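Structure, as structure tokens:
The shown structure was predicted, so the numbers you read here are calculated from the model rather than taken from an experiment. The basis for the numbers below is simple: all heavy atoms, side chains too, and nothing from hydrogens, waters or symmetry mates. Each chain gets a letter, A, B and so on, in the order its sequence line appears, and its residues count up from 1.
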2 protein chains.
Amino acid sequence: MYLRYLEDLDTNGQQTASSDELAHLCGTTPAQVRKDLSFFGSFGKRGLGYPVHELTDQLRGILGLGHEWRVVIIGAGKIGAALANYRGFLQRGFRVIGVYDNSPEKIGQPWGDAIVRSMKDLVQDVKREDALIAVLAIPAEGAQDVVDVVIDAGIRAILNFAPAQIAVPPHVSLKSVNMAMELEGLSFALTNKGAA
Amino acid sequence: MYLRYLEDLDTNGQQTASSDELAHLCGTTPAQVRKDLSFFGSFGKRGLGYPVHELTDQLRGILGLGHEWRVVIIGAGKIGAALANYRGFLQRGFRVIGVYDNSPEKIGQPWGDAIVRSMKDLVQDVKREDALIAVLAIPAEGAQDVVDVVIDAGIRAILNFAPAQIAVPPHVSLKSVNMAMELEGLSFALTNKGAA
DNA sequence: CTACCTTTGTGAAGAATTTCACAAGCGAAC
DNA sequence: GTTCGCTTGTGAAATTCTTCACAAAGGTAG
């Protein structure tokens, strides 16, 4: 989150930013900003604040954005399309090496810059291209099976949009986004507005 | 999360579930489950566990899913399409009353069961249908302007997919999903696997 | 009816996170 | 060169969250 805002400030040509300014941008407190950043190092100058451009570089390094990550998108539905088209990924160092589906009428169709490939090619492509990240955009049914297969092929991190609980071994990172659950959180917030 | 798993158990006809069982399903601890649930009431029977069906009803009530919420989707791009097509929303009580865009070639196009409408109709539709939730699936530029307008029209909760920071007044709930940020979290996890 | 196994609900303890508050450092002005 | 206004970095305090541990049931078998 800090990186996002620092990039904006950098684009605007701002040289330094105080913890107070970052806190306001991010909706947190100055003390929180300083504690968070100090966990990774001592980036600021007392009396001045944090050097915007230098700190963005540091944070990119910390987040592991210093090199390109190869990503496979599994599922050529609407969500897969939204992700494959999203220019922000490439800008941030995530290169989509392929979109995969097992529906015959989708395989071979053009898809942005690429062509939808068969799930049969998935394992060999992951191995050949050394892809470590998979985005899962398929229905809940069978999601776990696909996960097991790609982990076997060498995938080490999964961003899951399937509304299903996925189990992964400890050496694999998993992040799930469940849109229905997000809406339910809003429903709760609306319902309990008075109580809070 | 508990609701999700309880629904599965209910569908499978299971009568009761212990905190231990729920903890295993959700990847947490039995004590955590009991503390979480006890915050809202005393739902279990000692020696038996929690009554699955009754607890799902209770949780639905707590989450405010007891009635239908009317939702507008703003932005008829790929993400909007993925959301509008998602049957899970309707099942969970979120009825999409309209999809809106300001691109002339999209307005009037069929869109699942509905037709893409002009952004010009957004405010009047929100008011007429009493929609309280908006899903924002437009580019970052201008997102804040649209938010200000729909809040004026009566929207009280926003699920934001635009890669932009949105500010809302205190009486409005906001939940943002940023796919690039999710991937960056995975990048961090992969980069720091050894250190952890 | 009693003994026993199971599981909840919850105070208390323990751990983690956030906030406070201030010494130390930086730059500018005079 | 010294003073002054700012802002960081960080121990300590305060707060929040999680885990522990056990008394209080519920059910069952004999």
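- When the side-chain nitrogen and oxygen atoms of A:Tyr50 are compared with OP1 and OP2 of D:dG9, one or more of them lie within a distance under 4.0 Å.
- For B:Lys45 and B:Glu54, the salt-bridge test fails: no basic side-chain N is under 4.0 Å from an acidic carboxylate O.
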Worksheet item: Base, backbone or nothing for each nucleotide of nucleotides 20-30 of chain C, written B, S, -, heavy atoms under 4.0 angstrom, 5' to 3'?
Response: -B-BBBBS---
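- The hydrophobic cluster containing B:Ile79 also contains A:Leu186, counting ILVMFWY residues as joined when their side-chain heavy atoms lie under 4.5 angstrom apart, directly or transitively.
- In this structure, A:Leu37 atom CG and D:dT7 atom C1' are separated by 13 Å, rounded to whole Å.
- Listed by first residue number, the stems of DNA chain C with at least three Watson-Crick or G-U pairs below 3.5 Å are C:1-30 with D:1-30.
- An OP1 or OP2 oxygen of D:dT7 is reached within less than 4.0 angstrom by no side-chain nitrogen or oxygen of A:Ser19.
- Among all heavy-atom pairs drawn from B:Ala164 and B:Ala140, the shortest one is CB-CB, 3.7 Å.
- For C:dT19, one of the phosphate oxygens OP1 or OP2 lies less than 4.0 angstrom from a side-chain nitrogen or oxygen of A:Gln32.
- Around the CD atom of A:Gln15, the shell of radius 6.0 Å holds no more than 12 heavy atoms that belong to other residues, nucleotides or ligands.
- Counting to the nearest Å, the C1' atom of D:dT7 and the CG atom of A:Leu55 are 15 Å from each other.
- Summarising the geometry of A:Leu183 relative to B:Ile133, their closest heavy-atom pair is CD2-CG2, 3.8 Å, with the distance given to 0.1 Å.
- Atoms CG (A:Leu22) and P (D:dG9) sit 12 Å apart, rounded to a whole Å.
- Here the shortest heavy-atom pairing between B:Glu184 and A:Phe94 reads N-CZ, 3.9 Å.
- Taking each heavy atom of B:Val33 and B:Thr28 in turn, the nearest pair found is CG2-CG2, 3.9 Å.
- Smallest separation of non-hydrogen atoms from A:Ala162 and A:Ala143: CB-CB, 4.2 Å.
- One atom, CG of B:Asp36, and another, P of C:dT8, lie 13 Å apart when rounded to the nearest Å.
- Linking ILVMFWY residues whenever their side-chain heavy atoms come closer than 4.5 Å, directly or via other members, places B:Phe188 and A:Val135 in the same cluster.
- One atom, CG of B:Asp20, and another, P of D:dC20, lie 13 Å apart when rounded to the nearest Å.
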